[in-house]
Visitor: 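Structure below; questions to follow.
Whatever order the structure lists ligands and atoms in, that order sets their numbers, starting from 1. Keep in mind that this is a model prediction, so the values were computed, not measured.
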Amino acid sequence: MKLNDALTARISSAKQEHLLRYFDALTEKEQADFAAQLEEVDFAALPELVENYVLNRPHITIPDDLGPAPYYPLSPRDDAQKKLYLDAVSCGEKLIRAGRVACLTVAGGQGTRLGFDGPKGTFPIGPVTGRSLFAYFAGGIRRTEKKYGVKIVWYLMTSRLNHEATVDFFRKNDYFGLDADQVFFFTQGTMPAIGYDGKLLMNAKNSLALSPDGHGGTLLALRKSGALDKMKRDGVDTISYFQVDNPLVPVIDPKFIGLHHLTGSQMSAVMLAKTNAMEKLGNFCVSQNRLQIIEYSDLPKELAEKTLPDGTLAFIAGSPAIHVIDRTFVETLTAGGKLQLPWHRADKKIPFIGQDGNLVSPESPNGVKLESFIFDALPLAEKTMVLECDRAEVFAPTKNPTGVDSVESCRAMLIDRDCRRLRSAGVKIGDGAQIEIDPALAVDAADVAELVAARNISEIASGEKVVID
Ligand code: UTP
């Protein structure tokens, strides 16, 4: 097979002829597959990307007027705010009951830090049962459905690298008690990895080294997959967004949803008070009246460490990547099937095939992966809202096997949360008890109190392992 002339011309004008080094030796089928992959690459845009993100490092400019973002505090400041929060809860509940809210989980990442073989959502995080991350969210959705008498659709973003394995896992687990038609899988885009010399890397003679294009890819993927159309048909206008590695997150939080709606926000965000100036969370900031997140690595130290007269951090607001997004906002952003959020550069060890055609696994970073981030949509919104939440109730990321933000810390936080709820329902719990409440039975303290009363639970002994299901 001969590659079409237009594509060949695009490849050479981007100085990427090395991609065709093995082409003639491939089988017809391999050639066709590779040609299809190459067709998807925007070679016209490549030289600029290489110049700005690979040969040079993108320069982050910190605006002169950058200030900390305002937010709604965890505890209401005054009576008016107290009333607003109560109104928000009832507004949120009304929206959920009316079927206007859907869940969206981004599960397309590669989870390299966790080093787990399989899609991250299949990781057995349950501290006692080993139930998977996906099972936690499905359980939360089932309980929310039951509470509000409504069917909730779960939009689940995969990448080409983990799509099949993810769908298989759902099939094998009977969709965790959900109906198959209420889980809408869709796949995000990919970006080719670029070597430090500006050449696209190949991981086989007939394949580019491709990786998912970042969670910023969610927005365009929602449009391209027909998810936005489905939401519109179903009467869904509000999207509850969370990441696959945070099983502590409430899949839908009525107060957050309601406050988003009452403030007329197009995209809202949960914030947590950072535990220290350099904590590895994105920082909520404002410039020119627009909300934005500046990554911890990009916020100058003097700003990160700046304090208010009472000694608290000025830039206290950290992002756990929990959002509420209006469907119409995504529709507007992706109109015409286009959206280019800024790229972020990550230096990675990327396996590639060398001159001799053999695969090389480098021991140090050899190239760049480009990703876009969903939070870069925040400054594009006319109206945003940030709500402070209690970390212990919403954020236990599973990024690493041990240490900070790890499987260990996540399991401990899941146990603590359940213990807290049981204790406040009057249950006595001995030290070291390991408890796991089926997420399909409880999404909040009131649910746990009901369970405790219905099952007459009064005491859990020290060191006991208990599953409440
Ligand atoms: P992370 O930034 O933690 O990346 O993703 P990751 O790929 O899961 O893990 P590492 O960095 O390789 O260890 C945060 C969330 O965004 C999703 C992930 O699945 C996770 O829910 N994500 C990330 C995507 O859906 N697509 C992407 O391209 C990147």
Side-chain angles (χ1 to χ4, degrees), residues 103-123 125 132-134 136-137 140 154-163 165-167 169 184-193 209-222 224-225 227 239-249 251 269-270 279-282 293 295-298 318-323 325 330 339 341-351 365 367-377 394-407 409-410:
C103 291
L104 165 60
T105 308
V106 287
Q110 292 177 289
T112 30
R113 281 169 287 172
L114 189 60
F116 172 64
D117 188 19
K120 210 187 215 182
T122 67
F123 186 84
I125 196 67
S132 64
L133 286 159
F134 285 136
Y136 265 92
F137 306 126
W154 185 10
Y155 292 84
L156 188 60
M157 188 173 81
T158 61
S159 79
R160 281 189 217 168
L161 282 67
N162 69 15
H163 183 78
T166 302
V167 176
F169 190 72
F184 186 105
F185 297 98
F186 66 107
T187 306
Q188 69 179 108
T190 48
M191 264 307 270
L210 294 172
S211 52
D213 60 358
H215 41 67
T218 312
L219 301 170
L220 207 52
L222 279 171
K224 289 188 174 169
S225 64
I239 304 170
S240 176
Y241 169 103
F242 49 89
Q243 301 191 330
V244 75
D245 48 21
N246 179 19
L248 203 61
V249 71
V251 292
V270 163
E279 189 181 357
K280 292 183 173 179
L281 291 178
I293 289 185
E295 284 189 88
Y296 62 90
S297 47
D298 292 332
S319 171
I322 304 168
H323 299 288
I325 311 171
V330 186
L339 169 69
L341 294 174
W343 291 110
H344 295 255
R345 164 182 169 146
D347 291 69
K348 299 271 178 177
K349 292 182 238 172
I350 305 157
V368 167
K369 286 187 178 178
L370 295 177
E371 290 191 329
S372 66
F373 293 162
I374 191 123
F375 60 66
D376 281 324
V394 302
F395 191 52
T398 324
K399 302 285 183 195
N400 306 294
T402 55
V404 178
D405 295 342
S406 67
V407 174
S409 61
C410 178

Visitor: Closest non-hydrogen protein atom to atom 19 (O) of ligand 1, residue and atom name please, with distance?
Guide: G109 N, 2.9 Å

Visitor: Hydrogens and angles aside, do Q110 and K348 bring a side-chain donor and acceptor to less than 3.5 Å of each other?
Guide: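 No pair is found: no donor N or O on one side chain lies under 3.5 Å from an acceptor on the other.
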
Visitor: Among all protein heavy atoms, pick the one closest to atom 21 (O) of ligand 1 and tell me residue, atom and distance.
Guide: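 So the nearest neighbour among protein heavy atoms is V106 O, 2.7 Å.
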
Visitor: Report the part of A107 in contact with ligand 1, treating N, CA, C, O as backbone and CB onward as side chain, heavy atoms under 4.0 Å; options are side chain, backbone, both, neither.
Guide: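 The backbone, only.
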
Visitor: Looking at L133, D245, V244, which one forms a side-chain contact (heavy atoms from CB on, under 4.5 Å) with T105?
Guide: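 So the option named by the test is V244.
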
Visitor: Could you grab the distance from atom NZ of K280 to atom CD of E295, nearest 0.5 Å is fine?
Guide: 11.5 Å

Visitor: May I ask you to list the atoms of ligand 1 that are less than 4.0 angstrom from any heavy atom of M157?
Guide: 25 (O)

Visitor: Does Y241 offer a backbone N or O that forms a donor-acceptor pair with the side chain of H323 under 3.5 Å?
Guide: no

Visitor: For the pair F184 and Y155, name the ring-plane relationship: parallel under 30°, tilted 30 to 60°, perpendicular over 60°.
Guide: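 The rings of F184 and Y155 sit tilted, inter-plane angle from 30° to 60°.
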
Visitor: Under the side chain to side chain contact (heavy atoms under 4.5 Å, CB included) test, which residues partner N162, sequence neighbours left out?
Guide: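 With neighbours one apart ignored, the set is P119, T158, S159, T166.
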
Visitor: Does some non-hydrogen atom of G111 fall short of 4.0 Å from ligand 1?
Guide: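 Per 4.0 Å heavy-atom rule, G111 contacts ligand 1.
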
Visitor: Closest non-hydrogen protein atom to atom 28 (O) of ligand 1, residue and atom name please, with distance?
Guide: G214 N, 2.8 Å

Visitor: So if I count the atoms of ligand 1 from 1 in the order they appear, which ones are less than 4.0 Å from some heavy atom of K120?
Guide: 8 (O)

Visitor: Looking only at protein heavy atoms, identify the closest one to atom 3 (O) of ligand 1 and say how far it is in Å.
Guide: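 Nearest protein contact, heavy atoms only, for atom 3 (O) of ligand 1 is K399 NZ, 2.7 Å.
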
Visitor: Considering non-hydrogen atoms of the protein only, which is the closest contact for atom 11 (O) of ligand 1, and what is the distance?
Guide: R113 NH2, 3.0 Å

Visitor: List for me each residue that meets side chain to side chain contact (heavy atoms under 4.5 Å, CB included) alongside S409, sequence neighbours excluded, and say none if there are none.
Guide: S406

Visitor: Number the atoms of ligand 1 from 1 as they appear, then name those within less than 4.0 Å of a heavy atom of T112, with their elements.
Guide: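 In order of number, 9 (O), 10 (P), 12 (O), 13 (O).
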
Visitor: With under 30° as parallel and over 60° as perpendicular, where do the rings of F134 and F169 fit, or are they tilted in between?
Guide: tilted

Visitor: Considering heavy atoms of the protein only, find what lies nearest to atom 25 (O) of ligand 1 and give residue, atom and distance to 0.1 Å.
Guide: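 Going atom by atom, the protein heavy atom closest to atom 25 (O) of ligand 1 ends up being G108 N, 2.8 Å.
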
Visitor: Without swapping roles, check the side chain of D347 against the backbone of V368 for a donor-acceptor pair under 3.5 Å.
Guide: no

Visitor: Could you find the nearest protein heavy atom to atom 26 (N) of ligand 1 and give me its residue, atom name and distance?
Guide: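 For this ligand atom, the closest protein heavy atom is Q188 OE1, 2.7 Å.
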
Visitor: Which residue holds the protein heavy atom closest to atom 7 (O) of ligand 1, what is that atom called, and what is the gap in Å?
Guide: Q110 N, 2.8 Å

